[in-house]
K.L.:
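Quick one: the structure is below, questions incoming.
Only this structure's heavy atoms are used, side chains among them; waters, hydrogens and symmetry mates stay out. Everything quoted here is computed from the prediction, not taken from an experiment. In the text below, chain A, chain B and the rest are named by the order of the sequence lines, each starting its count at 1.
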Protein chains: 2
Amino acid sequence: MKMAPLLQEFVLHFGEMGSRWGINRTVGQIYAVLFLSKTPLNAEEITTALGISRSNTSMGLKELQAWNLVRLRHLPDDRRDYFTTPDDLWEIVRTLVAERKKREIDPTLTKLRELEMQGAQGDPYAEARIAELRELIEMMSTFYEDMNRLETERLVQLMTLGAKLGGLVEKTSRLNPFTRTKG
Amino acid sequence: MKMAPLLQEFVLHFGEMGSRWGINRTVGQIYAVLFLSKTPLNAEEITTALGISRSNTSMGLKELQAWNLVRLRHLPDDRRDYFTTPDDLWEIVRTLVAERKKREIDPTLTKLRELEMQGAQGDPYAEARIAELRELIEMMSTFYEDMNRLETERLVQLMTLGAKLGGLVEKTSRLNPFTRTKG
DNA sequence: CTGATATTTCAGAAATTTCTGAAATTACTG
DNA sequence: CAGTAATTTCAGAAATTTCTGAAATATCAG
């Protein structure tokens, strides 16, 4: 791997973290290289930078595309594919959250609904737990959708408010008779 | 695996999802069995329910304990260890988020800070990206800590407000001169 | 202490995932 | 169309992770 030591360390870290993020080492490294590069890179450049096989790069890029984490670009008079990551980090965060929800939450929600359809089979406790879990996941999904609809600017404002939101909600629930509260 | 078909399906699903959640199949299945069981279970019961080896159960339980996802309990006149999951699903969610942050976010934040300390090494763009990423992760961490400090009741209220929060923040930032806005 | 039960450890086996090089495919150029 | 460059596919190799059975350790009762 031929890069400035600093960048190399960053890339290696992303590789090591890869498995925890649900991607593999190489995919993490490819992403890191693209993330740090001002200009789009083609597969050959990535291959050399990381010292992996060309086919591995191809598969890694395919996976990153499946995650919507990289953009395919073309340069004039060059028929190779070039890849970049979005400039806007918030866009990256949105994509990550959306994709993880799709892979880690949605299938379970579907399954829980299926199981509830099939109805009671002799274990009221288990059935209640499944229902409760389904409700909670639905609630979080709805909240996610609401937040995802906000412009980034609003989202940042909300997050910056942080702890103050606790007080806000209290006021709101007193002022607004339509606000639902649990329990 | 000897359980009601409904529960069995749930357990198998958690097993399959395991890899996406950063745990393995068996660990996912063990958790599922505990989650659905009204009474605490001992290792032997889990082993029979899942048809795996006793040592595998032992290792799986150890991993779940490392994640703080199960509770160890003891029954009178029985020296075996019994395990449960918390009754309160929100407690489970809090644990999950905390542990995932610890494993998936915190090490990267540390690394990014380290890299920034080492300073510029000839690539201003890469350095700017690293700084930007560090700032964003810090902001999200702070927000997480703020939310985590709220009682569950407040958290649920906030989430139920959902889309309304977008409007709220707008009002707040006008009313409160101390509210920071980005950019 | 001795024996019985419960749990953990761990080396190697089994299963799974990742990676490579070669071949196949695609897409463009002249 | 033939030739070339870019990319993808894929079978098997390599690496990694998971699982098991046996042995070791721990814990308790008498």
K.L.:
Which whole-number value in Å describes the distance from A:Glu44 CD to D:dT8 C1'?
P.N.:
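Atom CD in A:Glu44 sits about 14 Å away from atom C1' in D:dT8.
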K.L.:
With a 3.5 Å cut-off and just heavy-atom distances, do the side chain of B:Arg80 and the base of C:dT7 make a donor-acceptor pair?
P.N.:
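Flag unset: no donor-acceptor pair detected.
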K.L.:
Whole-Å distance between D:dA6 C1' and A:Asp77 CG?
P.N.:
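It works out to 16 Å between those atoms.
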K.L.:
Strictly distance-based, threshold 3.5 Å: is any side-chain N or O of B:Arg94 a donor or acceptor partner for the main-chain N or O of B:Asn148?
P.N.:
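Flag set: sc B:Arg94 to bb B:Asn148 pair under 3.5 Å.
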K.L.:
Return no unless some side-chain N or O of B:Lys62 is found under 4.0 Å from OP1 or OP2 of C:dT9.
P.N.:
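Affirmative; the distance criterion is met.
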K.L.:
Which nucleotide, C:dA6, D:dT7, D:dG21, lies nearest any side-chain atom of B:Ser53?
P.N.:
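Ranking C:dA6, D:dT7, D:dG21 by closest atom to the B:Ser53 side chain puts D:dG21 first.
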K.L.:
Rounded to whole angstrom units, what separation is found between the CG atom of A:Leu72 and the C1' atom of D:dT8?
P.N.:
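In whole Å, D:dT8 C1' and A:Leu72 CG are 14 Å from each other.
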K.L.:
What is the distance, rounded to the nearest whole Å, between atom CD1 of A:Ile23 and atom P of C:dC19?
P.N.:
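Taking atom P of C:dC19 as the reference, CD1 of A:Ile23 is at 11 Å.
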K.L.:
If I take atom CG in residue A:Leu41 and atom C1' in nucleotide D:dT7, what distance separates them, rounded to the nearest angstrom?
P.N.:
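Going from CG in A:Leu41 over to C1' in D:dT7 covers 17 Å.
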K.L.:
Please lay out, stage by stage, how A:Leu69 and A:Thr85 fare under the test side-chain contact (heavy atoms from CB on, under 4.5 Å).
P.N.:
CA-CA 7 Å; A:Leu69 280 172; A:Thr85 61; over 6 Å; no
K.L.:
Give A:Asn42 one of three labels, base, sugar-phosphate or nothing, depending on what nucleic acid heavy atoms sit under 4.0 Å from its own.
P.N.:
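Result for A:Asn42 = nothing.
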K.L.:
Rounding to an integer number of Å, can you tell me how far B:Ile30 CD1 sits from D:dT18 P?
P.N.:
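It is 13 Å, rounded to the nearest whole Å.
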K.L.:
Among D:dT7, D:dT20, C:dT20, which nucleotide sits nearest the side chain of A:Ile52?
P.N.:
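Among D:dT7, D:dT20, C:dT20, the one nearest the side chain of A:Ile52 is C:dT20.
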K.L.:
Determine whether B:Arg134 and B:Met139 satisfy the following criterion, side-chain contact (heavy atoms from CB on, under 4.5 Å), listing intermediate values before the conclusion.
P.N.:
CA-CA 9 Å; B:Arg134 197 250 315 133; B:Met139 177 181 181; over 6 Å; no
K.L.:
Just how far, in rounded Å, is P of D:dT9 from CD of A:Glu63?
P.N.:
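Checked: the CD to P distance equals 14 Å.
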K.L.:
Are A:Lys102 and A:Glu99 within salt-bridge range, i.e. N to O under 4.0 Å?
P.N.:
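Yes.
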K.L.:
So what does B:Arg54 touch, heavy atoms closer than 4.0 Å: a base, only the sugar-phosphate, or nothing?
P.N.:
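Base, at least one base atom sits under 4.0 Å.
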K.L.:
To the nearest angstrom, how far is B:Leu50 atom CG from D:dT18 atom P?
P.N.:
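Rounding to the nearest Å, CG of B:Leu50 and P of D:dT18 are 16 Å apart.
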K.L.:
Is any side-chain nitrogen or oxygen of B:Asn24 closer than 4.0 Å to OP1 or OP2 of C:dA15?
P.N.:
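Answer no for this pair, as no side-chain N or O of B:Asn24 is under 4.0 Å from OP1 or OP2.
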K.L.:
Could one point to a donor on the side chain of B:Ser55 or the base of D:dG21 with an acceptor on the other under 3.5 Å away?
P.N.:
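Under the 3.5 Å cut-off, the side chain and the base do form a donor-acceptor pair.
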K.L.:
Does a sphere of radius 6.0 Å around CZ in A:Arg113 hold more than 12 heavy atoms from other residues, nucleotides or ligands, not counting ones at 6.0 Å or beyond?
P.N.:
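For A:Arg113, atom CZ is crowded (more than 12 foreign heavy atoms under 6.0 Å).
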K.L.:
Does A:Ser19 or A:Gln65 map to a spot on DNA chain D nearer the 5' end, using the closest nucleotide for each?
P.N.:
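Looking at the nearest nucleotide for each, A:Gln65 comes out on the 5' side.
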K.L.:
Taking the nucleotide of DNA chain C with the closest heavy atom to each, which residue, B:Leu61 or B:Arg79, is nearer the 5' end?
P.N.:
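With B:Leu61 and B:Arg79 compared, the 5'-side residue is B:Arg79.
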K.L.:
Taking the side chain of A:Met59 as heavy atoms from C-beta outward, which of C:dT7, D:dT7, C:dT20 is closest to it?
P.N.:
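In terms of side-chain proximity for A:Met59, the closest of C:dT7, D:dT7, C:dT20 is C:dT20.
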K.L.:
Specify the residue among A:Arg25 and B:Asn56 whose closest nucleotide of DNA chain D lies further upstream toward the 5′ end.
P.N.:
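Result: A:Arg25.
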